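One is the number of the first residue; the rest follow in order along the sequence. Every value quoted in this text rests on a predicted model; they were computed, and no experiment measured them.
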Amino acid sequence: MTEAFERGDFTQLHATVIAPGLCTRCGACAGICPHGAITIASCDSLPVVDASLCTHCGRCLPSCPGQGYPVTAWTAARGAPADADPTWGPVHGIWRGYACDAEIRAAAASGGIATALLCYCLAAGLVDEVVVVTLEAGQPVVRFTDDPAVVTAAVGSKYAPVPLLQTVLPALRERPRRIALTATPCQLAGWYRATTLLPRLREYLVLAIGLFCGHVQTTDSLTAIGSTINVRYPDAATFVGWRCGPYPGCARFVTPEGEVREKPLYPWLDIAVPFFTPQRCFLCPDGGNWLSDLTLGDIHAGGTDETVVIARTAHGQQVLAAARDAGVLTYTAMTDAEKRATVVTGITRSKLRAGLERIAWHQRKGLPAPEFDYAPAVMCRAKIPGQTPGLLKYLLAMWWRHPGRLAWLRRHPRLLEWLGRQLYRFPTALPGYRLLRRLRRG
Ligand SMILES: Cc1cc2nc3c(=O)[nH]c(=O)nc-3n(C[C@H](O)[C@H](O)[C@H](O)COP(=O)(O)OP(=O)(O)OC[C@H]3O[C@@H](n4cnc5c(N)ncnc54)[C@H](O)[C@@H]3O)c2cc1C
């Protein structure tokens, strides 16, 4: 796989990516189109083309990360350390930290490092503007800003597909400016693919802050989550955010009477992930966001309100250190055990392994799948191909996602939640599983 991609128009993009369920909704196709012919109307929508505007210029297909991307070649080109563990991606250092501003830290998804870094980039004059994702009327909205108040108000993760590049690429083409942004792995891969065609834009991205990414969910997951706490969303409630309140936070709804109803993070993930995650997320091995300068994530497994920070480039490490010296954030080293528990088991290796395993299964069955260029050592250590509980869990989830079965389940919120928990935590949540495991070990 090289950087020279096949040219192809929207018809091919639709046939090879959108129709087979490989679209990430990153917005690269819409953003690269010089005629504004492609639109992603909302974060739940797929790209559509206005045939009267399309000139078949052939830019949309090569800019699409849904078909996969040469992640190893790209990270090597950006100076990945030679001794890096091939399943961790490029690592210059791993820390845990938080924003020194207590209000940012309290409102943030994790420890507020993303918000603190964006504010620092503006204050230090490293960038002209930053790109943030705000939540407006329950919908994620992409905004360029040089106002720290807007950056601070955009704090928190939006677990929906956000067509970031639909806004970012045309805005930068129209008025080039130095920016920093936060991005999920597919958004960042879309940036790299699109800027292969528009290389001039690359110099304007001063800092790419990647977010660990397990999954995103379409916003109809909120209706299903609401139904388990007697909230009729969107008809009779507004949605405030996915990570409100003390760490790790709750999905929060407010009824017309002003009553606040909440569903804690892990129980809502049980419902959202198996049933409302776009299929392409299940085929993504890049949860650790290898293409960023700095990757940020949660300390799950009993963690506190701190952000895990991986410096993926020397430049990212320098900006992080400068932000600490300026007093906007602080961080400390992680022990090897912490790294293994939160970083490796938590996301980098688990997502890599599950993603590659499912891709291998799709390929064996002749089904559409994205292509990546991971080294044979990674494939081997990811245990490909294998019939593991991870694969079985994916196949079971896919069976239940059949529209008829899912519609039936949605009429039974308690069952939806119970089954979601079994599927998301398969096989550990199965009744008797822990007892059986203990007996076997004994
Ligand atoms: C869709 C998604 C899935 C994630 N999955 C995991 C996971 O499985 N495991 C894990 O450890 N961490 C995951 N994260 C990362 C985690 O939720 C935090 O975003 C990260 O730890 C940074 O926290 P923070 O407190 O430093 O960020 P904050 O200071 O709260 O700032 C978050 C920043 O992210 C931006 N942002 C929010 N949503 C999006 C979006 N959809 N696209 C682009 N930018 C956005 C906001 O504009 C804001 O600037 C995910 C994040 C997202 C958005």
Side-chain angles (χ1 to χ4, degrees), residues 1-10 12-33 38 40 43 45-47 58-78 89 131 133 142 160-170 172 181-199 201-202 205 208-216 277-293 295 312 351-352 355-356 358-359 362-363 368-374:
M1 192 182 270
T2 66
E3 283 212 15
F5 305 115
E6 294 262 323
R7 290 218 146 201
D9 69 3
F10 190 83
Q12 281 166 286
L13 179 71
H14 192 272
T16 55
V17 177
I18 302 171
L22 299 184
C23 175
T24 66
R25 296 137 155 113
C26 69
C29 57
I32 193 111
C33 178
I38 303 174
I40 302 180
C43 59
S45 313
L46 290 166
R59 293 190 186 168
C60 49
L61 181 63
S63 68
C64 171
Q67 58 196 307
Y69 43 95
V71 59
T72 307
W74 281 344
T75 49
R78 300 174 77 235
V131 180
V133 180
V142 180
V162 177
L164 189 88
L165 300 169
Q166 173 168 245
T167 304
V168 169
L169 293 171
L172 280 188
L181 52 67
T182 54
T184 57
C186 51
Q187 291 165 344
L188 210 44
W191 164 267
Y192 275 98
R193 274 207 173 251
T195 54
T196 302
L197 301 174
L198 296 171
L201 292 193
R202 278 206 184 164
L205 181 56
I209 304 174
L211 305 173
F212 278 2
C213 191
H215 311 85
V216 297
T277 296
Q279 192 188 6
R280 175 63 172 77
C281 286
F282 289 115
L283 301 175
C284 170
D286 190 18
N289 216 329
W290 289 15
L291 297 171
S292 63
D293 289 307
T295 309
R312 298 249 181 240
K351 188 99 194 279
L352 185 70
L356 290 177
R358 291 165 190 157
I359 289 172
H362 271 240
Q363 286 169 342
E371 276 182 45
F372 295 86
D373 68 341
Y374 291 102

Thr196/Arg202 under side chain to side chain contact (heavy atoms under 4.5 Å, CB included): CA gap, chis, key distance, verdict: CA-CA 9 Å; Thr196 302; Arg202 278 206 184 164; 3.2 Å; yes
If you look at every heavy atom in Asp373 and Pro70, which pair is closest and at what distance? OD1-C, 3.3 Å
Step by step, would you call Thr295 with Arg312 a side-chain hydrogen bond (donor to acceptor under 3.5 Å, both in side chains)? CA-CA 7 Å; Thr295 309; Arg312 298 249 181 240; 3.0 Å; yes
Suppose we screen for ring-ring contact (aromatic ring centres under 6.0 Å, His included). Which residues come up paired with Trp191, at least two apart in sequence or across chains? none
Looking only at heavy atoms, what is the nearest atom pair of Ile32 and Cys60, with distance? CG2-CA, 4.1 Å
Begin with the C-alpha distance, continue with both residues' side-chain angles, and end with the deciding distance and a verdict on side chain to side chain contact (heavy atoms under 4.5 Å, CB included) for Cys284 and Lys351. CA-CA 7 Å; Cys284 170; Lys351 188 99 194 279; 3.6 Å; yes
Has the side chain of Arg25 got a donor or acceptor atom that lies under 3.5 Å from a matching backbone atom of Ile40? no
Side-chain (Arg193) to main-chain (Cys64) donor-acceptor, under 3.5 angstrom: yes
Side-chain contact, heavy-atom cut-off 4.5 Å: Phe10 with Pro47? yes
Test side chain to side chain contact (heavy atoms under 4.5 Å, CB included) on Trp74 and Tyr69; report intermediate values, then the result. CA-CA 9 Å; Trp74 281 344; Tyr69 43 95; 3.6 Å; yes
Please determine whether side chain to side chain contact (heavy atoms under 4.5 Å, CB included) holds for the pair Thr75 and Leu291, giving the CA-CA distance in whole Å, both sets of side-chain angles, and the decisive distance to 0.1 Å. CA-CA 6 Å; Thr75 49; Leu291 297 171; 4.0 Å; yes
Is the side chain of Asp293 donor-acceptor paired with the backbone N or O of Ala208 at a distance under 3.5 Å, no angle test? yes
So, for Leu181 and Val131, which heavy atoms are closest and what is the spacing to 0.1 Å? CB-CB, 3.8 Å
Rounded to the nearest 0.5 angstrom, the CD-CG distance for Gln363 and Leu356 is 9.5 Å
So, the side chain of Arg358 versus the backbone of Phe282: is there a donor-acceptor pair under 3.5 Å, distance only? yes
For a quick test of reading the model, state the closest non-hydrogen atom pair linking Ala160 to Cys43 and the distance between them. CB-SG, 4.0 Å
So CG of Leu22 and CD of Glu371: to nearest 0.5 Å the spacing works out to 10.5 Å
What one should report as the nearest heavy-atom pair of Leu283 and Ile359 is O-CD1, 3.4 Å
Taking all non-hydrogen atoms of both residues, which atom of Gly31 and which atom of Leu169 are closest, and how far apart? O-CB, 3.6 Å
To the nearest 0.5 Å, atom SG of Cys26 lies from atom CD of Gln187 at 7.5 Å
Could you give the distance from CG (Asp286) to SG (Cys186), rounded to the nearest 0.5 Å? 9.0 Å
How many angstroms lie between CG in Asp9 and CG in Leu61, if you round to the nearest 0.5 Å? 8.5 Å
Rounded to the nearest 0.5 Å, how far does OG1 of Thr195 lie from CG of Leu205? 8.5 Å
Going through the checks in order, is the ring pair (Phe, Tyr, Trp, His ring centres under 6.0 Å) test met by Phe372 and Trp290? CA-CA 12 Å; Phe372 295 86; Trp290 289 15; 9.9 Å; no
